[in-house]
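Everything on this sheet refers to the single structure shown next.
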Amino acid sequence: MRKHVTLALAAALLATATLKGEPPVKNPSVVMKTSLGSVTMELFADKAPETVKNFLAYVNDKHYDGTVFHRVIDGFMIQGGGFGVDGREKPKKAPIKNESANGLQNKVGTLAMARTPDPHSASAQFFVNVKDNSFLDKAQSQDGWGYCVFGKVTEGIDVVNKIKATPTANKGGAFTNAPVTPVVIESARVVP
C-alpha cells in the first residue's frame, strides 16, 4: 500500500511540474575514461548541489584529465582526482562546505568527496566506495560530519573492480596504497 501511495505521489508531482511547464529534474552524468576502462557516474545535484557544482567545475576545466587514482584499498575505496602521473598535486579551487547531511549513504558504487580532518576541506579529490562504508556516513561518523556522497556509478562497476584489485605499494607522502602501475584518469566529460 505504502509503495503505491509513494508511486502515485511521485507521478502527481511529475504531472504537476509538466503542467507548470517545468521540465523534470535530471541529474547530470559524467563519463570518466581511465587506463582500465570507462566509468559512468550519475551526480545527485538534487541532494548535494554545491558538491556537484564543484565536481562539474573540475570536469569542465579538464582538471581530472591526466590525474591518477593515487590511493586504492580493496575492501574500502579507490581515491583520485588530485595528483598527476608525475606525482605532483594539481592546483585546486577553494574548499567547499560538507553536504553530508543529505541522507545519502556511503554504499558500494557511490561517489563521495575526500577531505582532511577539517569537515569543510573537500576540493578536487573524490573516492568511489568499493564496499558499504557506513562509518563514513554523517550519522555514524566519529567527527559528526562524515563524507558527502554526491553520486553513484551507473555503468562500469567492473572497471571500479579492476582498479580496486590493482597491486599497490607505499611510495611515500600521499602515495600510500598507490597502484604499482598508475591507473590514469584519461578524461572526464559531462554526458550530453
Side-chain angles (χ1 to χ4, degrees), residues 10 13 17 22-32 34 39-73 76-84 88-154 156 160 163 173-177 185 187-191:
L13 290 172
E22 299 169 11
V25 176
K26 184 176 185 319
N27 287 324
S29 290
V30 168
V31 173
M32 195 168 276
T34 78
V39 178
T40 303
M41 302 166 280
E42 177 186 357
L43 308 180
F44 303 131
D46 55 335
K47 297 279 190 179
E50 293 304 313
T51 307
V52 169
K53 180 180 170 185
N54 175 69
F55 187 78
L56 289 175
Y58 282 108
V59 168
N60 292 331
D61 289 347
K62 298 185 169 109
H63 170 90
Y64 294 122
D65 298 11
T67 60
V68 294
F69 282 96
H70 67 278
R71 190 168 171 233
V72 172
I73 304 173
F76 180 34
M77 57 87 219
I78 61 173
Q79 180 176 337
F83 296 90
R88 293 184 185 167
E89 188 170 10
K90 291 185 82 170
K92 55 189 181 236
K93 303 173 190 309
I96 58 171
K97 74 175 184 172
N98 190 327
E99 295 181 300
S100 62
N102 61 19
L104 299 174
Q105 297 175 317
N106 284 275
K107 300 272 190 187
V108 173
T110 57
L111 227 64
M113 291 305 295
R115 63 173 178 83
T116 69
D118 174 354
H120 306 290
S121 60
S123 57
Q125 292 186 39
F126 63 91
F127 61 92
V128 179
N129 288 290
V130 298
K131 69 170 266 229
D132 291 349
N133 291 311
S134 60
F135 71 97
L136 298 178
D137 297 340
K138 180 174 177 63
Q140 295 185 38
S141 66
Q142 288 186 341
D143 66 2
W145 282 98
Y147 291 76
C148 176
V149 172
F150 68 99
K152 71 176 180 182
V153 173
T154 55
V160 170
I163 296 170
F175 289 83
T176 57
N177 303 105
I185 297 171
S187 66
R189 299 292 182 271
V190 176
V191 175

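As the structure is a computational prediction, the values presented were derived from the model and not from experiment.
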Assess the residue pair Gln140 and Gln105 against the criterion (side-chain contact (heavy atoms from CB on, under 4.5 Å)); give the C-alpha distance rounded to whole Å, side-chain angles, the decisive distance to 0.1 Å, and a yes or no. CA-CA 10 Å; Gln140 295 185 38; Gln105 297 175 317; over 6 Å; no
Non-hydrogen atoms of Gly84 and Val68 that approach each other most closely: O-CG2, 4.0 Å
Looking at Asp65 and Arg189, does any basic side-chain N land under 4.0 Å from a carboxylate oxygen? yes
Just checking Phe126 against Phe150, ring centres under 6.0 Å apart? no
Minimum heavy-atom separation for Cys148 and Ala48, please, with both atom names. SG-CB, 4.0 Å
Output for pair (Lys97 NZ, His120 NE2), nearest 0.5 Å, gives 9.0 Å
For Glu50, check side-chain hydrogen bond (donor to acceptor under 3.5 Å, both in side chains) against everything at least two apart and list the hits. none
Qualifying residues under salt bridge (Lys or Arg N to Asp or Glu O under 4.0 Å), relative to Lys93, sequence neighbours excluded: Asp61
Compare all side-chain heavy atoms of Val72 with those of Asn177 and state whether any distance is below 4.5 angstrom. no
Check: His63 main-chain N/O paired with Lys90 side-chain donor or acceptor under 3.5 Å: yes
Hey, does Arg71 have a side-chain heavy atom less than 4.5 Å from the side chain of Phe127? no
Does a side-chain heavy-atom distance below 4.5 Å link Asn54 with Met113? yes
Spell out, as yes or no, whether a donor-acceptor pair under 3.5 Å connects the side chain of Asn106 to the backbone of Phe135. no
Between Asp132 (side chain) and Ser134 (backbone), is there a donor-acceptor pair under 3.5 Å? no
Tightest non-hydrogen contact, residues Leu136 and Phe76, listed as CD1-CE1, 3.8 Å
Verify, without hydrogens or angle tests, whether Lys138 (side chain) and Gly144 (backbone) share a donor-acceptor contact under 3.5 angstrom. yes
Do the non-hydrogen side-chain atoms of Val128 and Val153 ever get within less than 4.5 Å of each other? yes
Ignoring hydrogens and geometry, is there a side-chain-to-backbone donor-acceptor pair from Asp137 to Ala139 under 3.5 Å? no
Using distance alone, with no hydrogens and no angle criterion, decide if Asp118 and Thr116 have a side-chain donor and acceptor under 3.5 Å apart. no
Sub-4.5 Å side-chain heavy-atom contact between Arg115 and Pro95: no
